[in-house]
Amino acid sequence: MVKIEFDREKCTGCMLCVELCPNEVLEFKENIGKGSIIVARPDACCACMTCAGKCPKRAISINQDVPHKRYVDDGNETPFAPLSEDLIVKYARFSEELERVLKLRWKPVAITLIQKGDPLPHVPVPGVRLRYCQSLIMARRGLSILMPPQSHACPDGTSILGLAKIPHKLATGEIYVQLGKLATREAAANMVKERPSLPQGSVRATLVTPLESVVMKPDVVAVIAPPESMMWLCMSLTYYTGKRMNFQMSSYNAQCVETTLYPYTTGEMNMSLGCYGCRAISDLGEDMMFMGIPIDKMPIVMEGLEYLGRKAIPDARSKVYLPPLI
Ligand code: SF4
Ligand code: SF4
Ligand code: SF4
């Protein structure tokens with residue numbers, strides 16, 4: 001349960017929180033004195049924190065009950081079939097090689113979009129609602145996280161990934177103009193129209209685990225690293241072909257769309273610079289960016305990386321090409 005509380009002494013009644021709430025949870029009520037905002041639809045709050053983050057007076061606090069570690073009571077007729085030992089070992093090797101050759105600071109993350117009707121693995125759900133990108137950022141530190149719709153906090157990411165209906169203000173793009181991120185409603189509507197999304201209700205839950213300890217076959221592997229590591233990943237993919245690459249980026253919805261959904265729907269590797277949302281809610285360094293690698297592309301990427309890791313990467317990193325400084 002999400003608890004929304006106002007500091008009535010601080011609140012000036014500016015209405016910004018009402019305007020920016022994507023789920024129309026808050027309302028202005030006349031004649032109730034200082035601090036005239038009420039929580040009209042508490043059950044619609046997804047704990048996205050937009051109101052608290054944008055309130056100029058810091059008058060709002062959002063609190064969530066934190067139960068002990070828990071699991072989804074699946075109630076599925078189809079029992080969950082564990083991944084074969086061969087695949088577990090194969091993905092663990094991929095993870096080890098990525099970390100070793102690229103000297104990654106964070107663990108590569110395996111992402112699975114669990115389809116409607118598919119059984120759920122025995123992986124803990126978070127005690128509080130999280131944004132999808134927050135779950136990825138936690139998984140890079142070694143946590144496995146299963147998130148059905150009710151565990152997701154970002155209304156954008158939740159609808160993009162096919163877990164829930166898109167709220168009206170997001171569907172029209174209105175909120176991006178209110179947030180000052182796009183100039184006009186037309187531009188905002190265009191941004192929404194051009195980004196891909198999965199059909200509402202088609203995904204049952206998102207699962208993120210470190211690639212070294214997968215429990216289901218991943219759809220996409222996410223790497224969070226500085227630009228130099230991204231360069232080697234691109235070169236690994238094209239090691240045998242020398243082809244140029246095209247990336248789909250808008251700097252909106254970075255981890256749900258650019259790192260996950262593009263690779264998932266197109267089968268192509270995609271790079272992302274991150275977005276203001278995922279950067280604001282996490283400890284991501286300014287120098288970090290994201291790569292989403294479809295699982296079917298992993299063998300070719302790993303093969304290319306293995307060859308590059310023998311000479312090209314160590315040579316370049318030891319700066320053997322650097323001319324003498326004058
Ligand atoms: S944004 Fe803050 S100050 Fe403005 S109405 Fe909401 S709670 Fe009050
Ligand atoms: S946390 Fe998000 S959904 Fe909940 S009231 Fe604030 S803006 Fe609305
Ligand atoms: S990347 Fe952006 S849109 Fe996607 S879940 Fe995170 S904050 Fe939401």
Side-chain angles (χ1 to χ4, degrees), residues 1-30 32-64 111 128-138 147 149 151-164 166-170 175-176 178-179 181 191-192 195-198 206 208 222 224 249-262 272-282 284 289-290 292:
M1 179 72 183
V2 183
K3 281 190 209 137
I4 310 165
E5 287 171 330
F6 295 92
D7 184 331
R8 304 269 170 212
E9 289 304 311
K10 288 184 185 167
C11 175
T12 58
C14 71
M15 295 273 286
L16 197 60
C17 53
V18 177
E19 286 166 19
L20 293 180
C21 173
N23 294 329
E24 299 173 53
V25 172
L26 309 174
E27 277 182 9
F28 179 78
K29 189 146 178 125
E30 283 184 64
I32 63 165
K34 202 167 163 66
S36 314
I37 308 300
I38 59 159
V39 183
R41 281 172 287 280
D43 292 345
C45 177
C46 65
C48 69
M49 307 285 290
T50 306
C51 55
K54 293 293 170 189
C55 171
K57 296 293 174 189
R58 294 284 181 262
I60 307 176
S61 60
I62 306 289
N63 295 300
Q64 302 187 62
I111 300 166
V128 293
R129 282 178 181 256
L130 296 176
R131 290 180 182 238
Y132 170 67
C133 46
Q134 284 176 310
S135 73
L136 277 181
I137 283 159
M138 290 163 83
M147 298 215 303
S151 295
H152 280 260
C154 175
D156 249 351
T158 317
S159 51
I160 286 165
L161 293 172
L163 291 143
I166 186 167
H168 176 73
K169 282 186 185 176
L170 297 180
I175 201 155
Y176 303 103
Q178 288 171 332
L179 286 167
K181 299 294 193 289
M191 187 278 284
V192 173
R195 74 184 182 198
S197 60
L198 294 173
T206 54
V208 293
I224 301 170
M249 287 187 205
S250 73
S251 294
Y252 290 93
N253 318 117
Q255 298 200 50
C256 44
V257 171
E258 297 176 355
T259 312
T260 303
L261 212 46
Y262 268 115
S272 173
L273 299 170
C275 63
Y276 62 87
C278 67
R279 289 194 180 277
I281 50 77
S282 72
L284 267 181
M289 42 192 304
F290 311 88

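Everything numeric in this text was worked out from a predicted model, so none of it was measured. Starting from 1, each residue takes its place in the sequence as its number. All ligand and atom numbering here is 1-based and tracks the order in the structure.
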Side chains of residues 46-61: which donor-acceptor partners sit under 3.5 Å, not counting sequence neighbours?
residue : atom : partner : partner atom : Å
Arg58   : NH1  : Gly53   : O            : 3.1
Arg58   : NH1  : Cys55   : O            : 3.1

Heavy-atom side-chain proximity of Cys17 to Ile37 below 4.5 angstrom
yes
List the residues meeting side chain to side chain contact (heavy atoms under 4.5 Å, CB included) with Ser151, not counting sequence neighbours, and say none if there are none.
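Val125, Pro126, Met147, Pro148.
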Below 30° counts as parallel, above 60° as perpendicular, anything between as tilted: where do the rings of Tyr132 and His152 land?
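Rings of Tyr132 and His152: parallel, under 30°.
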Within a distance under 4.0 Å of any heavy atom of Cys21, pick out the atoms of ligand 2 and give their elements.
3 (S), 5 (S), 7 (S), 8 (Fe)
Report, in ascending order of atom number, the atoms of ligand 2 lying under 4.0 Å from any heavy atom of Pro22.
7 (S)
Just checking, is any N or O donor in the side chain of Tyr176 or Asp156 under 3.5 Å from an acceptor N or O on the other one?
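Looking only at side-chain atoms, Asp156 and Tyr176 do form a donor-acceptor pair, the distance falling under 3.5 Å.
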Would you please write out the protein residues whose heavy atoms approach any atom of ligand 3 to under 4.0 angstrom, listed by chain and number?
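Residues within 4.0 Å of ligand 3: Arg131, Tyr132, Cys133, Cys154, Asp156, Gly157, Asn253, Ala254, Gln255, Cys256, Cys275, Gly277, Cys278.
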Presence of N, O or S from Cys14 under 2.8 Å of atom 8 (Fe) of ligand 1:
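Under 2.8 Å: Cys14 has no N, O or S contact with atom 8 (Fe) of ligand 1.
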Would you mind telling me if ligand 2 is within reach of the side chain of Ala44, the backbone, both or neither, using heavy atoms under 4.0 Å?
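It is neither; nothing of Ala44 touches ligand 2.
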Have a look at ligand 1 and work out which part of [X], if any, has a heavy atom under 4.0 Å from it: side chain, backbone, both or neither.
{"X": "Ile37", "value": "side chain"}
{"X": "Ile60", "value": "side chain"}
{"X": "Lys10", "value": "neither"}

Under 2.8 Å: N/O/S of Cys51 next to atom 6 (Fe) of ligand 2
yes
Supply the atom-to-atom distance Ile38 CD1 to Phe6 CZ, rounded to the nearest 0.5 angstrom.
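Reported value, rounded in 0.5 Å steps: 9.0 Å.
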Salt bridge (charged side-chain N to carboxylate O under 4.0 Å, His left out): which pairs involve residues 40-52, sequence neighbours left out?
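Of all non-adjacent pairs touching residues 40-52, those that pass salt bridge (charged side-chain N to carboxylate O under 4.0 Å, His left out) are Glu27-Arg41.
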